[in-house]
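Presented below is the structure to which this report refers.
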Amino acid sequence: MYNKTLYLQSKLLFGVTLLLFLSSMISLLGAENFSVKDFPNDDGRKLIIEFHPRFLEAENIQIYRSFDNQDFQVIFTDPTETKLIDEFEGYHTTPVFYKIEVVHKWIDLDNPPSVEVYQTECTPVAQWFDRSKAGLLILLLVFCGAVLHYIYKASKGKEYYIRKINGLEAMEEAVGRAAEMGRPILFVPGISDINDIQTLSALTILGKLAEKVAEYHTKLIVPCRNSLVMVAAKDIVKESYLKAGYPEEFKSDDIFYLTDDQFGYVAGIDGIMLREKPATNFLLGAFWAESLILAETGFSIGAIQISGTAQPAQIPFFVAACDYTLIGEELFTASAYLSKNPQQIGSLKGQDFGKMIVMALIIVGVLLEICGVTGLREFLTLG
């Protein structure tokens with residue numbers, strides 16, 4: 001009984017081995033000598049070149065390309081893989097011609113090396129949509145739908161909770177302190193250009209601040225590094241004074257241009273701090289290496305300092321040297337926080353909903369990676 005079982009096991013093992021060998025031979029024999037096909041989900045400037053694995057043992061391999069089937073140019077020499085991606089400039093609606101030349105190795109003096117030459121062609125096709133990014137499209141539609149939904153609800157009177165931001169809550173207290181001490185307020189809108197979202201957020205806060213400053217009849221100093229930022233700041237502050245009912249107290253000379261030089265601008269602001277002794281400093285916008293210089297100078301004169309930036313490397317310096325710091329996206333939410341505008345609040349709520357979805361997808365993607373699941377992992381993690 002034992003010998004019969006061993007015999008059956010050996011025959012089964014032999015059968016499986018033979019089946020695997022035959023399947024591999026069939027796939028090897030069935031492979032084309034040379035083929036070119038269109039690259040999927042691209043803009044029509046890529047083609048996939050494939051050739052038989054046995055060519056890798058040859059002495060020399062050269063692959064040529066031509067757009068007119070006459071002037072062939074070498075694009076690959078002695079490749080190490082049987083599948084190559086050819087990317088070319090420009091779009092072609094006519095066939096692209098390819099040729100492979102394989103020189104086999106010497107066997108002996110009586111058998112000189114043989115040469116195989118194959119030629120084929122393929123027309124690249126540009127796809128309208130990249131289907132591999134379908135997950136990104138779905139997430140985009142979900143995010144946009146969420147933003148529109150929350151804006152609609154907020155416009156209908158729905159009130160959404162926004163957590164308290166201490167730096168913005170302290171704005172009125174800081175302006176009141178400056179009025180009591182009879183000292184000015186210094187507002188620095190960062191060192192970036194007007195096209196930076198951090199600068200735009202800083203100017204939005206400046207508009208709300210200027211209304212409070214007008215009510216308290218306090219001096220507001222706004223030194224600018226960029227001329228366009230200066231023009232925008234003047235218009236914003238002038239409109240805020242008008243809205244507060246004190247247009248005659250607006251002084252255009254208090255909003256001025258210093259210099260484009262980074263540290264020259266910082267030196268100028270430090271001089272203003274030491275001469276004017278402002279009671280409150282607002283450092284809001286994009287800052288780089290000058291952040292600690294400004295914050296330390298303001299601290300040395302005893303000013304209340306409210307700072308904010310989205311530059312991660314500069315946030316620790318502001319936190320250490322300032323009384324209040326708007327960290328990252330708190331700077332961007334200031335507009336909705338201060339204005340209580342339903343459209344802005346609804347947009348903010350929709351963005352938060354989108355962030356929650358992204359966080360959930362990250363967690364799901366990590367779990368799928370841990371479990372070794374490869375089906376939906378690329379979709380959920382956007383490839």
Side-chain angles (χ1 to χ4, degrees), residues 166-192 199 202-203 205-226 229-230 233-234 236-238 240-241 244 246 248-309 314-326 331 334:
N166 294 329
L168 298 178
E169 291 290 327
M171 183 183 296
E172 186 167 357
E173 174 191 347
V175 175
R177 179 175 183 267
E180 290 176 0
M181 299 178 66
R183 289 158 60 179
I185 294 173
L186 177 67
F187 188 97
V188 181
I191 67 169
S192 191
T199 304
L203 292 177
I205 299 175
L206 174 62
K208 297 298 179 181
L209 174 66
E211 291 185 34
K212 297 292 182 183
V213 170
E215 294 174 3
Y216 282 88
H217 308 285
T218 308
K219 183 179 180 180
L220 176 62
I221 303 174
V222 185
C224 302
R225 183 190 179 196
N226 184 274
V229 175
M230 179 194 68
K234 282 188 176 183
I236 290 172
V237 174
K238 183 177 181 180
S240 297
Y241 272 75
Y246 302 98
E248 69 282 354
E249 294 193 11
F250 169 70
K251 294 181 176 59
S252 178
D253 293 340
D254 290 338
I255 305 171
F256 51 89
Y257 166 82
L258 277 180
T259 176
D260 282 338
D261 183 74
Q262 179 181 4
F263 289 101
Y265 176 68
V266 175
I269 294 176
D270 285 348
I272 294 172
M273 289 184 184
L274 296 176
R275 289 191 303 271
E276 299 288 342
K277 295 288 192 293
T280 305
N281 292 335
F282 287 87
L283 309 174
L284 302 172
F287 293 91
W288 280 269
E290 70 287 339
S291 59
L292 186 58
I293 300 175
L294 294 173
E296 282 292 335
T297 305
F299 178 80
S300 67
I301 63 174
I304 291 180
Q305 298 196 102
I306 300 176
S307 61
T309 184
Q314 308 308 320
I315 291 175
F317 301 126
F318 279 150
V319 171
C322 297
D323 299 281
Y324 303 97
T325 302
L326 305 181
L331 178 65

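Residues take their numbers from the sequence shown, with the count starting at 1.
- Scanning for side chain to side chain contact (heavy atoms under 4.5 Å, CB included) contacts around S192 gives D196, T199, A286, W288, with sequence neighbours left out.
- The ring-ring contact (aromatic ring centres under 6.0 Å, His included) search around F256 returns none, not counting sequence neighbours.
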Throw together a table of side-chain donor-acceptor distances under 3.5 angstrom for residues 166-182, partners on residues two or more places apart or in other chains.
| unit_1 | atom_1 | unit_2 | atom_2 | d |
| --- | --- | --- | --- | --- |
| E169 | OE2 | Y337 | OH | 2.4 |
| E172 | OE2 | Y216 | OH | 3.4 |
| R177 | NH1 | A279 | O | 2.9 |

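- Taking a 6.0 Å sphere around NZ of K238, one finds it holds 12 or fewer heavy atoms contributed by other residues, nucleotides or ligands.
- In this structure A289 satisfies the side chain to side chain contact (heavy atoms under 4.5 Å, CB included) test together with Q262, F263, sequence neighbours excluded.
- Taking T325 as the reference, S307 meet the side chain to side chain donor-acceptor pair (under 3.5 Å) condition, with sequence neighbours excluded.
- The two atoms that bring G308 and L331 nearest to each other are O-CD2, 4.1 Å, heavy atoms only.
- Between the Q305 side chain and the A321 main chain, a donor and an acceptor come within less than 3.5 Å of each other.
- Listed by first and then second residue, the salt bridge (Lys or Arg N to Asp or Glu O under 4.0 Å) pairs that reach into residues 251-275 come to none, sequence neighbours excluded.
- If you look at F317 and F287, their ring centroids are not closer than 6.0 Å.
- Between the side chain of T280 and the backbone N or O of I185, no donor-acceptor pair lies under 3.5 Å.
- Y241 places no side-chain N or O within 3.5 Å of a backbone atom of V213 that could act as its donor or acceptor partner.
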